K.L.:
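Attaching a single structure in structure tokens format; questions to follow.
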Amino acid sequence: FQAEDGIRDQPRSRGLGDVYKRQIEHLIGRIGLAAAQLNPNGYIKVRGELWLARTESDRDVVNRGDPVKVSGVDGSTLVVQPCNHSRPDI
């Protein structure tokens with residue numbers, strides 16, 4: 001059936017999911033501030049946006065206003081670690 005061949009040969013759309021993934025991965029390495037206590041989950045502010053975040057270790061507690069470094073992404077949640085940086089990317 002020729003119609004199937006035509007559909008199969010078309011390039012796949014990268015879609016909005018890929019755009020979102022690139023935007024969120026761009027935050028890795030950025031410094032943010034805890035908008036609420038992370039124990040281990042909470043919210044941080046980075047580059048003017050509020051993000052759901054969790055600490056790398058369940059034992060880490062980050063107090064509101066403390067700086068954190070984005071070390072990874074887990075779905076739509078940023079993974080962070082406490083840091084001693086004085087100039088956050090907010």
Side-chain angles (χ1 to χ4, degrees):
F1 185 69
Q2 287 182 334
E4 279 185 6
D5 291 337
I7 293 171
R8 192 174 28 238
D9 292 340
Q10 292 181 358
R12 290 182 49 130
S13 168
R14 290 176 25 156
L16 292 176
D18 289 335
V19 172
Y20 177 75
K21 186 176 179 181
R22 283 193 308 272
Q23 288 174 341
I24 196 170
E25 287 177 347
H26 183 68
L27 296 174
I28 295 174
R30 298 283 183 176
I31 307 298
L33 289 178
Q37 185 183 61
L38 281 73
N39 188 15
N41 299 312
Y43 287 91
I44 68 166
K45 188 171 185 179
V46 62
R47 301 201 67 194
E49 298 177 330
L50 198 61
W51 288 89
L52 179 61
R54 70 169 173 81
T55 57
E56 282 184 349
S57 168
D58 290 341
R59 296 182 304 268
D60 286 336
V61 175
V62 178
N63 292 316
R64 183 175 186 240
D66 287 351
V68 293
K69 182 175 183 176
V70 179
S71 58
V73 177
D74 183 10
S76 60
T77 301
L78 300 180
V79 180
V80 299
Q81 57 188 353
C83 73
N84 295 324
H85 201 281
S86 62
R87 296 199 54 161
D89 299 318
I90 54 171

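Keep in mind that what you see is a predicted model, and the values were worked out from it rather than measured.
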K.L.:
Of all heavy-atom pairs between Gly75 and Ile24, which one has the smallest distance, and what is that distance?
P.N.:
O-CD1, 4.0 Å
K.L.:
Under the rule for side chain to side chain donor-acceptor pair (under 3.5 Å), what residues qualify as partners of Asn84, not counting sequence neighbours?
P.N.:
none
K.L.:
Nearest 0.5 angstrom please: Arg47 CZ to Leu27 CG, how far?
P.N.:
7.0 Å
K.L.:
Say you draw a straight line from CG of Leu52 to CG of Leu38; how long is it, rounded to the nearest 0.5 Å?
P.N.:
8.5 Å
K.L.:
Check Pro82 against Val62 and note the closest heavy-atom contact, atom names and distance.
P.N.:
CG-CG2, 3.9 Å
K.L.:
Give the cluster check for Tyr43 versus Leu33: same hydrophobic cluster or not, with ILVMFWY residues linked at side-chain heavy-atom distances below 4.5 Å.
P.N.:
no
K.L.:
Applying the side chain to side chain contact (heavy atoms under 4.5 Å, CB included) test to Arg54, which of Asp74, Val80, Asp60, Leu78 qualifies?
P.N.:
Asp74
K.L.:
So, for Ala34 and Ile44, which heavy atoms are closest and what is the spacing to 0.1 Å?
P.N.:
CA-CG2, 4.1 Å
K.L.:
What's the shortest heavy-atom distance between Ser57 and Pro40, and which atoms?
P.N.:
O-CB, 4.2 Å
K.L.:
Between Ser71 (side chain) and Val79 (backbone), is there a donor-acceptor pair under 3.5 Å?
P.N.:
yes
K.L.:
Sequence neighbours left out, what pairs pass side-chain hydrogen bond (donor to acceptor under 3.5 Å, both in side chains) with at least one residue falling in residues 30-42?
P.N.:
His26-Arg30, Gln37-Asn63
K.L.:
May I ask whether Val46 and Ile28 are part of the same hydrophobic cluster, defined by side-chain heavy atoms of I, L, V, M, F, W, Y residues being less than 4.5 angstrom apart, directly or through others?
P.N.:
yes
